[in-house]
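Notes follow once the structure below has been shown.
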Amino acid sequence: MKQQTPLTIPADHPAFAGHFPGTPIVPGVVLLDAALHAITTATGLDVTAWQISSVKFLSPLGPGQSVVIEHEQLANGSIKFDVLDGSRTIVTGSLATAVKNP
């Protein structure tokens, strides 16, 4: 079952000061952090037990724009997530359980 979490990065977020002056966009790391936070909050899963298996940043997001983080756990155990602005995909990716080194 897909779960959704709304997200708005405020225009006064400190990341905008250097990313990019005059034409600010939300840094990918800020979007990825928000997605991981939304997933762990909604599922109760421990983020340290997961690794990012894929991520693509497809479209820029400006300050103050509202998006939805959508995620679901798939039958194979991985978690698929998307950051969506209506029908426009901003970020898409997936998480897999982390491989533990002996």
Problem - Candidate pair W50 and T97, rule side chain to side chain contact (heavy atoms under 4.5 Å, CB included), full reasoning - result: CA-CA 4 Å; W50 296 86; T97 54; 3.9 Å; yes
Distance in Å, [X] [atom1] paired with [Y] [atom2], rounded so as to fall on 0.5 Å steps:
| X | Y | atom1 | atom2 | result |
| --- | --- | --- | --- | --- |
| T89 | K56 | OG1 | NZ | 11.5 Å |
| I39 | E70 | CD1 | CD | 11.0 Å |
| H71 | K2 | NE2 | NZ | 11.5 Å |
| I90 | L84 | CD1 | CG | 8.0 Å |

Do the non-hydrogen side-chain atoms of [X] and [Y] ever get within less than 4.5 Å of each other?
| X | Y | answer |
| --- | --- | --- |
| Q73 | T43 | no |
| L36 | F81 | no |
| K80 | T92 | yes |
| F16 | I25 | no |
| V91 | L32 | no |
| L95 | I52 | yes |

Exercise for the section: Go through T5 and T41 one step at a time and tell me if the side chain to side chain contact (heavy atoms under 4.5 Å, CB included) criterion holds. Expected result: CA-CA 10 Å; T5 304; T41 299; over 6 Å; no
Problem - Contact summary for R88 and Q65, nearest pair of heavy atoms - result: NH2-NE2, 3.8 Å
Problem - Heavy-atom pair of closest approach, residues A34 and L7 - result: CB-CD2, 3.7 Å
May I ask whether [X] and [Y] are part of the same hydrophobic cluster, defined by side-chain heavy atoms of I, L, V, M, F, W, Y residues being less than 4.5 angstrom apart, directly or through others?
| X | Y | result |
| --- | --- | --- |
| V30 | V67 | yes |
| F57 | I9 | yes |
| V47 | I69 | yes |

Problem - I79 vs L45, side chain to side chain contact (heavy atoms under 4.5 Å, CB included): CA-CA, chis, key distance, verdict - result: CA-CA 11 Å; I79 296 174; L45 296 172; 3.5 Å; yes
Exercise for the section: Would you check if the side chain of S53 reaches a backbone N or O of S94 as a donor-acceptor pair within less than 3.5 Å? Expected result: yes
Handout entry: Side-chain donor/acceptor of S78 to backbone N/O of L74, under 3.5 Å
Key = no
